[in-house]
Structures are given as C-alpha cells and as structure tokens.
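All values below were derived from every heavy atom in this structure, side-chain atoms included, with hydrogens, water molecules and symmetry-related copies excluded.
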Amino acid sequence: LILKNLEDLDLYVRIVLMRAAAIGPSLFKAVVLYETIEGNYDGIQNISDLERFLAIAVNEGFLEYLESQSAYKFSHDRIKESVTSLLPVGEERKELHFSIGRRLLDFVSRKNIAEQVVERIEDIHLLAMEHIDSALEMAMALSADERYNLVEQNFRAADVALDAASFQMALFYLESGRSLLESKDSWSKHYTLMIRLLNSLAYVYFSCGQEEKCEAVIGEVLKQSRELDDKLPAYKILIWLKLQHGSSTEALDLTFSVVRMISGRRFSRRFLKLQIGSKAFKVFSKLRSMSDEEILSLPDLHDPKLIQLVDFITILLLVGAASELPLLFALGALEVTELALNHGICIGFEIALAAMAALFADFKQIDRAYQLGELALKIGQRNGEPCFAAKATLVATGFSLHWKTPLHSCLPSCYESAMTLQREGDVNSLMIGFLVYIYCYYYCGLPLWPMYLDMMKMMQVLMDYGQVLGVSLLQIRGQLVQNLMGKGYGNPTDLKGDLLDPDTQMIKWKEQKQEKGILLFYVSRQYLAYYFEDLELAEKMTYKLPRYWRGGGGPGLFLSTRLLFDGLIFLGRYKVSLKRRYLRKADLTLKECKNLVGLGCVNLPNVTALLEAERATAVEPKNTRKIQQLFDRAISLSGRTGFLSVQAMANELAFKYFQGRDPEWSKTYLYLSLELYSRWGAAGKVKQLMDKYGHHLGDKRQEAQSFLVPSRTEGGLRGRQRFESLRSSSLTMPDVLQ
C-alpha cells in the first residue's frame with residue numbers, strides 16, 4: 001500500500017523522498033538535502049523548489065516537519081524502508097553514495113556557509129565520509145592527490161569519533177583511510193601520514209579488543225619508523241597490551257627500555273630497592289620543605305623530551321598499581337615527582353603526587369599523606385586533563401584520602417572518576433577506575449544488589465574493549481557477592497559459581513604471575529570462610545596475604561576490612577584452641593587499629609570497637625555487662641557511620657556470646673543480625689544462620705523467614721538520583737556526617 005501511494009506522488013516529490021532516504025539520518029535539514037540534489041534535476045532549481053516538494057510530502061503524510069529543530073523526518077520507519085527499496089542497487093547504489101559523500105564534503109569545505117545552517121558541522125562531515133567509505137572502489141579510481149585528501153578527511157572523522165569514545169566508528173574511518181593508501185610505496189611516499197595512521201589504528205584496535213591486528217600494526221610501525229618519537233605511541237600501546245595479557249614482567253622491561261632510549265637512564269629490576277632508597281630521601285626531604293602554595297606555583301614543564309620521559313615513567317607507576325608491584329609504584333612516583341620539582345609541572349605529576357601521598361601513608365605520616373592527596377587533586381584541576389585528574393583522584397582516594405574522609409564520602413568521587421575514564425575512552429585505565437569504585441563500594445558495607453548490577457555492566461564494558469584482565473578481577477569480586485547472596489556453586493567458601501571457576505583461573509594466574517588476581521582470590525576466600533564459619537580456612541587464607549604495610553604502595557581502601565577480619569579470625573581461633581599465639585596476633589591487630597584511630601583514621605572506630613568486644617568475650621567471658629556495652633557500642637558506631645555489613649556482623653557475634661547465657665538477648669541479637677544481613681543482600685549468610693541457629697528465635701522464627709528474600713529496593717545517595725545511566729539503581733548512603 002505504501003509503495004502504491006508512492007507511485008501516485010509527483011515525480012519530483014518521489015525523487016526528494018528517495019534522496020532523503022539515501023542520505024541516511026533520521027533527521028535531515030532541507031539545506032543539507034539540497035546540497036546533494038543541486039544541479040541534477042530541472043524541476044529543482046533552488047531551495048524554494050525543494051521546500052515546496054517537501055511540503056507536499058508532509059501533507060501526504062510521508063514526512064513530518066519538526067519546527068523546533070527546523071528539520072524533517074520520515075513519519076514512520078516502514079515508509080522510509082519502502083522509499084529505500086526504490087533506490088538503485090549494486091554499482092548504481094555505490095555511485096549514489098559516493099556522489100552524496102563528495103557533495104556533502106564539498107558543503108563542509110565551505111565552512112562559513114555550512115556553520116550558518118547546521119549546528120554541528122562535524123556530523124555532516126562524518127555523514128559524508130560514511131557515504132564515501134561505503135563506496136571505496138569509486139574512491140580508489142581517483143587521483144593520488146584526491147585519495148590523499150580523502151585519507152586526511154577520514155583522519156578528521158576518526159578524531160571526531162574518538163572524542164566521543166566511539167571506537168568502532170573510528171576504526172571504520174581509519175581502516176578506510178588505510179585502504180586508500182594501500183600500495184607498495186606508501187611508506188616512502190607518505191611516511192608522515194602512515195605513521196599517524198598506523199599509530200592511531202593500533203590504539204583503536206587495542207581499544208576494540210582486536211589484539212592480533214593491534215600487534216601486527218605495532219610491528220609494522222616499529223619496523224618502518226625512522227625516528228624514536230614516531231615509535232613511542234606504538235611502544236605505549238604494546239606495554240598495555242603485554243599487561244593485558246598478564247605479562248607484567250615483559251611490560252616492565254619494555255617500559256625500562258623505552259625510558260633508556262628517551263633519556264639514557266637505566267633502571268634494573270634487580271636493584272630497584274637501592275634506586276628507590278637513594279631517591280626517596282631526597283624527594284621526601286624536598287616535599288617536606290615546600291608548602292602547598294610553593295608546589296602549586298611551580299612553572300609548567302615545556303621540554304618535550306622530559307614530557308615524554310614523564311609519560312613513560314607514569315606508565316611505570318600505573319603498571320605497578322595494576323599489577324601489585326609496590327616497588328615499581330614507588331619508583332614511578334619518586335621519579336616523576338623529582339622531575340616536576342626540579343623542572344616544572346606537566347600532565348602526570350598529579351598521579352605521581354597522589355602516589356607520593358601513598359608513600360607518606362606507608363610511613364604512617366598520615367597528615368602529610370592526606371595533604372598531598374588533596375594537593376594532587378588541585379594539580380589535576382590546574383593541568384585540566386580530565387583522564388589524568390580522574391586517575392589522580394582514584395590513586396589519592398585509594399591510598400590517602402580515605403584516612404580522614406569517611407569511605408561513603410569517597411564513593412561519589414570514585415564513581416565520577418571511573419565514568420570520566422569511560423566517557424573519555426581511556427581504555428588503558430578503565431580497569432583501575434572500575435575496580436577502585438567497586439572496592440570502595442564493597443568496603444562501605446552498602447547493599448550488595450546495586451553494586452552487583454554495576455559490576456555486571458562494567459564487566460560488559462571491559463569485555464567490549466577486550467580488557468580480559470579487568471574482567472577476570474571483577475569476576476572474583478562478583479563471585480564473592482554471588483556467594484554471599486546464596487547463588488554460588490556448592491560450598492560458598494569455595495568461591496565457585498557462574499562467574500568464576502577458581503581451579504582453572506588460578507592455574508592461569510600463576511602461569512602469568514598475576515599477583516593481583518591471586519591476592520584478590522585469597523582475600524575473597526578469607527571473607528567467605530569467616531562469614532560461613534570455617535575458621536581453619538580463614539586462617540589459612542590470612543597467612544597467604546601480605547602485611548598491610550608493604551613498603552611502596554601504602555595501605556589502601558581495604559585496610560579497615562582487612563584489620564577487622566584478621567583480628568576476628570585470630571580471636572576466633574584463640575577461643576577454640578586457647579593458644580596464646582592467636583591472642584598475641586589479635587592484640588597486635590587491635591593495637592594497629594588503635595594507633596591508626598589515634599592518627600585520625602575515621603573509618604576504623606567501629607572496627608576497633610568490635611574487636612574490643614570480641615576480645616572481651618575471649619579473655620573475660622564472665623563480664624557480661626561490659627561485653628554487652630562493648631557490643632552495643634560497636635553496633636551503634638557501625639550503624640551511625642553506615643557500615644551495614646559490620647553492624648550485621650556485630651549483632652551476630654553478640655548473639656553467639658549470649659547464646660546459652662541469656663535466651664532473650666540472644667534472640668534479639670540474632671533477629672537483628674538476620675535483618676541487617678538481609679538488608680545488606682547476603683541471603684546466603686541469612687540462610688546459613690537460619691539453618692544453624694533458627695531455633696533460638698522462638699516465636700520470631702516465622703517472622704524471620706522473610707529475611708531469606710533480601711531487599712533490593714534500598715538505595716540512593718540520600719536525596720539524590722543516580723549519577724548517570726550506567727548506574728543500576730540508587731545507592732544507600734547513610735547520613736554519615738550527621
């Protein structure tokens with residue numbers, strides 16, 4: 001019926017509709033459409049003729065006119081499909097697209113005219129290149145100069161696509177550009193253009209997860225390049241590619257090699273401690289002697305060689321952060337900071353300064369660490385590069401700002417930084433952004449379900465970019481959450497389920513020497529073993545983990561949770577075995593907590609209170625009044641500071657103490673722990689408690705059955721909406737500061 005109605009239309013109305021369908025976009029302006037028709041038809045001599053035929057199409061119901069946008073669109077997709085079916089096919093269709101593309105490109109070249117009639121001239125340029133590149137055979141018949149111009153136009157289109165982090169579109173334009181240059185003498189005749197083209201293509205292949213093509217292009221660049229500067233972008237991508245494969249040692253060696261080529265400076269993995277030790281004293285002393293105002297007033301760095309050097313040493317720092325290599329992290333921080341203090345500030349210094357804050361925290365100089373963390377954020381604002389500012393925020397939050405900022409208040413900045421990296425298309429660092437956000441969320445003890453949905457979406461984003469390592473690390477935390485929710489396979493302490501096969505994954509990580517994955521696996525099993533009352537396994541996992549202070553990385557967001565579980569595990573083992581060594585270890589952990597609270601760490605008072613209560617049950621079990629006061633204090637502190645999971649755990653431990661001592665109090669604490677675990681989303685933990693201890697609930701047992709279905713509605717930064725569409729639902733944020 002639509003085709004019949006089209007046949008009844010005036011010939012020129014039908015021609016106008018067919019050209020509008022051929023152009024492509026859902027919305028089109030009359031002036032743009034006229035550019036593709038002008039001079040082809042006797043009946044359309046000017047824009048007024050075209051608008052008259054468009055008005056007829058609107059009256060006949062084929063088009064709609066959107067006055068607010070001064071644009072037209074087809075009134076239904078079926079109408080556009082029917083009109084498209086009237087277009088020529090085969091070679092004629094290609095000729096049509098090629099003609100449209102060249103006419104639009106000519107329109108864009110008359111920038112002073114085009115900018116008066118379209119809001120975004122870049123969109124017309126992209127549209128022109130899509131038409132031309134869909135008919136490359138036509139373009140190949142052009143002269144060498146014309147093809148060269150089209151390559152430049154494809155470059156321009158790829159830049160626009162990359163600005164929007166649209167890697168697949170950028171890949172389309174760059175591959176089209178390369179096809180136009182494909183010849184035996186491309187490198188000799190168009191060396192500069194080939195370097196730009198292939199370095200960009202390598203980056204986009206990496207960002208799209210096409211690793212084999214990426215490696216092939218990098219190999220060609222390194223083979224054909226005449227100057228070191230031309231090789232540096234390819235080397236940078238190759239370093240991240242090796243890191244992505246789990247080859248952190250190869251990535252490190254290659255980075256050292258590039259630094260040596262740029263500056264002649266030699267680093268050796270064998271002597272890192274010596275190099276760090278000699279440099280640390282000088283840099284620390286200089287930082288202590290300078291005020292924040294003096295650092296902020298340093299001049300900008302302009303030496304291109306030093307800027308290149310900072311760029312690659314910053315990669316050292318980030319490789320260290322991503323691969324659990326604290327000495328590398330420290331070396332990168334010290335080197336970049338020394339360069340900035342001696343020669344001036346450049347992009348990368350904000351990350352190095354955030355890492356320096358971690359080093360000060362490593363030596364428990366908490367106040368200076370916090371000051372440097374805040375200063376790193378100011379340097380990021382001064383430099384004005386959003387991705388580097390985001391990475392500085394993540395490093396500073398992860399290692400220094402959390403000392404004096406409630407974890408819940410750190411969460412929004414972690415999320416915003418991760419989203420900045422995604423929006424800007426910084427694929428190399430996206431894994432770090434997502435991991436820091438997810439870790440921060442988990443350690444806040446907020447409801448698990450929104451975080452779980454976020455993890456699933458973030459894993460998909462990383463999969464789309466081919467970031468296999470980031471996916472595997474998120475899968476560990478995702479499987480931990482699944483097991484807490486009762487969705488794992490078999491024994492929940494095995495950390496096995498839909499997301500993770502630990503046996504296969506551990507073999508892979510050990511072959512790749514991927515320490516970060518191995519440590520995250522051990523710490524996740526430690527948590528599960530304690531939650532599900534397997535103290536022997538919990539102790540075994542504890543001994544597999546490094547100390548909190550590793551000499552070069554500073555204690556991160558995990559610190560409060562790590563201290564809590566270590567202390568509770570040692571106290572639990574002491575109560576079972578009465579071996580004094582466990583009590584000594586628990587006391588050392590509690591002492592560490594108290595020292596850090598004394599230094600101003602705001603995320604440890606509730607942990608310290610809970611460890612004190614549990615210690616009292618171990619060493620003075622008959623002092624019921626004191627123990628209850630200690631537990632109630634821990635419960636109150638955890639509730640007021642928003643640590644829902646710790647509040648649930650404190651009630652559970654209070655129940656276990658009163659079990660057999662006071663039936664009413666034991667029932668009260670058990671009921672509260674079930675309610676809180678349910679609000680947290682840990683249905684698996686609720687079921688374990690109900691199965692083992694449900695008989696203590698008496699008349700409340702039936703009521704407590706409802707806790708087996710966890711609440712998934714709780715959420716939200718209080719009084720605020722989710723930040724962006726990636727966020728899965730609102731996020732619980734108790735009013736910590738109040």
**Q** Rounded at 0.5 Å granularity, tell me how far CD in E385 sits from CD1 in I351.
**A** 9.0 Å
**Q** Using a 3.5 Å distance criterion without hydrogens, assess whether the side chain of Y442 forms a donor-acceptor pair with backbone atoms of L448.
**A** no
**Q** So, does R382 use its side chain to make a donor-acceptor pair with the main chain of L296 at under 3.5 Å?
**A** yes
**Q** Is the shortest distance from a Lys or Arg side-chain nitrogen in E612 or R615 to a carboxylate oxygen in the other one below 4.0 Å?
**A** no
**Q** In terms of the angle between their ring planes, are Y439 and Y443 parallel, tilted or perpendicular, with boundaries placed at 30° and 60°?
**A** tilted
**Q** Run the salt bridge (Lys or Arg N to Asp or Glu O under 4.0 Å) test against D292 and tell me which residues pass, sequence neighbours left out.
**A** R368
**Q** With under 30° as parallel and over 60° as perpendicular, where do the rings of Y531 and Y677 fit, or are they tilted in between?
**A** perpendicular
**Q** Inspect the surroundings of CZ in R625 and state if more than 12 heavy atoms from other residues, nucleotides or ligands are less than 6.0 Å away.
**A** no
**Q** So, do Y669 and F631 have ring centers that fall under 6.0 Å from each other?
**A** no
**Q** Kindly write out the residues that satisfy salt bridge (Lys or Arg N to Asp or Glu O under 4.0 Å) with E294, not counting sequence neighbours, or none if the list is empty.
**A** none
**Q** The criterion is side chain to side chain donor-acceptor pair (under 3.5 Å); which residues satisfy it with E703, sequence neighbours excluded?
**A** Y671
**Q** Can you give each donor-acceptor pair under 3.5 Å made by side-chain atoms of residues 391-399, sequence neighbours left out, with the distance rounded to 0.1 Å?
**A**
{"residue": "K391", "atom": "NZ", "partner": "D426", "partner atom": "OD2", "Å": "3.0"}
{"residue": "K391", "atom": "NZ", "partner": "S429", "partner atom": "OG", "Å": "3.4"}
{"residue": "T393", "atom": "OG1", "partner": "A389", "partner atom": "O", "Å": "2.9"}
{"residue": "T397", "atom": "OG1", "partner": "T393", "partner atom": "O", "Å": "2.7"}

**Q** In chain order, what residues pass the side-chain contact (heavy atoms from CB on, under 4.5 Å) check against S636, with sequence neighbours excluded?
**A** R640
**Q** Which value, rounded to the nearest 0.5 Å, describes the distance between M356 atom CE and T337 atom OG1?
**A** 5.0 Å
**Q** Indicate every side-chain donor-acceptor pair of residues 687-696 with a distance under 3.5 Å to a residue at least two apart or in another chain.
**A**
{"residue": "K687", "atom": "NZ", "partner": "D691", "partner atom": "OD2", "Å": "2.8"}
{"residue": "Q688", "atom": "OE1", "partner": "K685", "partner atom": "NZ", "Å": "3.0"}
{"residue": "Q688", "atom": "NE2", "partner": "E533", "partner atom": "OE2", "Å": "2.5"}
{"residue": "K692", "atom": "NZ", "partner": "E533", "partner atom": "OE1", "Å": "3.4"}
{"residue": "Y693", "atom": "OH", "partner": "E533", "partner atom": "OE1", "Å": "2.8"}
{"residue": "Y693", "atom": "OH", "partner": "E533", "partner atom": "OE2", "Å": "3.4"}
{"residue": "H696", "atom": "NE2", "partner": "Q659", "partner atom": "NE2", "Å": "3.4"}

**Q** With a cut-off of 6.0 Å (strictly less than), are more than 12 heavy atoms of other residues, nucleotides or ligands near NZ of K575?
**A** yes
**Q** Can a side-chain donor-acceptor contact be found between Q647 and N651 if the only test is distance below 3.5 angstrom?
**A** no
